[in-house]
Amino acid sequence: MTLPGQFSDPRVITLFGLLAVSAAVWVALGLRARARRERASAPLERVWHPQETVSLTPAEERAFGQVVSRLSLSSAGRLR
């Protein structure tokens, strides 16, 4: 089967083929990235830690709070 006019040129057919292949690859990679993001956003399984059952003294709680406040994000989104 031959295509009429300009579409019978092998360069045009090659161009359309490359466009189709690149569009298919782009869609496939986008779907793969979306699936990876959705899988990563699933909550992690909770792991028991021994310190969860040990009560902290008020001094230890204050020290922990100070460390956490230093590690919190500033308004610019960076660690202080």
Please table the atom pairs, donor to acceptor, closer than 3.5 Å between any side-chain atom in residues 13-21 and protein atoms at least two apart or in another chain.
unit_1: T14; atom_1: OG1; unit_2: P10; atom_2: O; d: 2.7

Check: Quick one: hydrophobic cluster around L31, which other residues, with the 4.5 Å side-chain cut-off, linked directly or via members?
Finding: W26, V27

Show every donor-acceptor pair shorter than 3.5 Å between a side-chain atom in residues 59-68 and any protein atom, with sequence neighbours excluded, or say none if there are none.
unit_1: E60; atom_1: OE1; unit_2: T57; atom_2: N; d: 2.9
unit_1: E60; atom_1: OE1; unit_2: T57; atom_2: OG1; d: 3.4

